[in-house]
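Each remark here refers to the structure printed beneath this line.
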Amino acid sequence: MQLFYGVPEDIEKWMSLVTQVRWNFPGLETQEKLNEHRTTVLKFMGKSQAVCVKEGNEIVGVMLFSRGHNMICCLAVLPKYRRRGVASMLMEEALANLDRTKEISVSTFRADDEKGTAPRALYEKYGFVADELIEEFDYPNQKYVLHPAGSERKDRQLAVNTLARKISGILSDREPSIYMYGSSVLNDFRLGWSDIDILVLTSKQITEEQAKSLVGLRQAVLADEPDNPYYRSFEGGMLTLDAFLSKKTDRVVYWGTSGERITDNYAFDSFGMAELTERSVLLYGKDIRKELKYPTFHELYADVKLHYETIRKYAQSTGRSFYSFGWMLDTARCIYTLRTGKIIAKTEAAEWALDNNLCPNPDALRFALKVRRSPLEYKNDKQTFDYAETLAEPIQRFADILEKELNAGK
């Protein structure tokens, strides 16, 4: 068997293979869809992004990849040639053409889909890590990512996958949907500062026994992996979907910065609901986001006002903490939300505020950004925390700008 780059003269044999395996690939069910795929293959051939393996004159395996999107787009092998190294030949050629200094992605079948056993094993063999659950052509799939060497995000995602697997195991009879939102999804996670925010919504109330297992789960996995820096960062709530939507009391498991507990209520502010609705990722279970509504501007305005009042009350003085810098970033994000009705990452909001000359003390905001981008570099720096103690005045002056925005938005 030999590997070749596909050329237009191969298209009939290429499509013969695709037609034989079409029922394993959502989106190829009709002749019209096959014709569309044929056009796509020819385009990829024209860009030298279509490779195939031939045995004599027969094409026995095919792959499309995209340099522009740094992803593997399609992989298929004739059934009688599987487990003979064909897929590995195609994978190695594709990876040699993609940028290994960036994330390489591919979508495949989910773990509970029998069609996913072989492709998931192949991708994991080459170092891909399971990522968010997605849908393609109205079919449930899962994204896999090959991270660059030394990637912080890879280690974080592995921790996320471990927690999601354990939570779903404990709640297997409650039909959980597990979401991640916040800085991890907004590409703004910074180890040493950020949290990993999750939300678990179930179809039936969590039992007392399950709640007891969940409330101590962070500590349990940390005991198994004491050097893992991520498990302490997980925060969130676990409750029924009905209680979450209606804000009724329920048996709730809560993980927070200050500890964990079993309580009877858990609710999002409009910032959290906006992130959950538009920018969260599904880690496990059925996607119920269609049942959620993006908050109104009135709701966002009310929560910005509450945040403004908190700044006025509690940031009259500042301490030796990264959270003193956080006041500056939060204020920038509040102003962005008032102007746009949208939610963005705190780092991005601060950069936006600087670009638009909104901060009365831009040096303070720049310093906050510097610390936010690399908190581990500054965690033992005395000058950084000396400066943090001086931030009360810059924070209050920035809050003056937020106050004007609130008045303008009434």
For Pro295 against Leu300, the heavy-atom pair lying closest together: CG-CD2, 4.1 Å
Expected output: side-chain Arg289 to main-chain Leu276 donor-acceptor under 3.5 Å: no
Residue pair Asp197, Tyr179: steps toward the side chain to side chain donor-acceptor pair (under 3.5 Å) verdict: CA-CA 8 Å; Asp197 299 299; Tyr179 290 93; over 6 Å; no
Heavy-atom donor-acceptor pair, Tyr301 side chain to Leu406 backbone, under 3.5 Å: yes
Derivation and outcome, side chain to side chain donor-acceptor pair (under 3.5 Å), residues Asp250 and Gln205: CA-CA 7 Å; Asp250 191 18; Gln205 187 182 63; 3.1 Å; yes
Distance under 6.0 Å and angle within 45° of ring axis: Lys342 vs Tyr294: yes
Basic-acidic side-chain contact under 4.0 Å: Arg38, Glu12: yes
Exam field: side chain Asp113 to backbone Lys115, donor-acceptor pair closer than 3.5 Å: yes
Donor-acceptor under 3.5 Å (Asp131 side chain, Lys143 main chain): no
Atom of Leu17, atom of Ile59 and distance for their closest heavy-atom approach: CD1-O, 3.4 Å
Heavy-atom pair with the smallest gap, counting every atom of Met328 and Asn361: CE-O, 4.4 Å
Asp112/Arg110 ion pair, N-O < 4.0 Å: no
Main-chain N/O of Glu389 paired with Thr318 side-chain donor or acceptor, under 3.5 Å: yes
Main-chain N/O of Phe189 paired with Ser184 side-chain donor or acceptor, under 3.5 Å: no
Gap separating the CG atom of Leu95 from the CD atom of Glu93, nearest 0.5 angstrom: 9.5 Å
Euclidean distance, Tyr123 OH relative to Ser107 OG, rounded to 0.5 Å: 8.0 Å
For Tyr230, the option from Glu152, Glu225, Arg156 that meets side chain to side chain donor-acceptor pair (under 3.5 Å): Glu152
Test side chain to side chain donor-acceptor pair (under 3.5 Å) applied to Lys125 and Ser88, step by step: CA-CA 10 Å; Lys125 168 187 170 182; Ser88 294; 3.0 Å; yes
Ring geometry between Phe367 and Phe325 (parallel below 30°, tilted from 30 to 60°, perpendicular above 60°): parallel
Contact summary for Met1 and Glu55, nearest pair of heavy atoms: CG-OE1, 3.5 Å
Phe65 and Tyr5 aromatic ring geometry - parallel, tilted or perpendicular at 30°/60° bounds: perpendicular
Validation row: Lys13, Asn57 side chains within 4.5 angstrom (heavy atoms): yes
Heavy-atom donor-acceptor pair, Gln49 side chain to Arg67 backbone, under 3.5 Å: yes
From Leu171, Ile170, Ile167, Thr207, residue fulfilling side-chain contact (heavy atoms from CB on, under 4.5 Å) relative to Ser213: Ile170
Reported CD1-to-OG1 distance for the pair Ile335 and Thr340, which is rounded to 0.5 angstrom: 11.5 Å
Parallel, tilted or perpendicular, as decided by the 30° and 60° cut-offs, for the rings of Phe268 and Phe244: perpendicular
Main-chain N/O of Phe297 paired with Glu299 side-chain donor or acceptor, under 3.5 Å: no
Donor-acceptor under 3.5 Å (Ser203 side chain, Arg174 main chain): yes
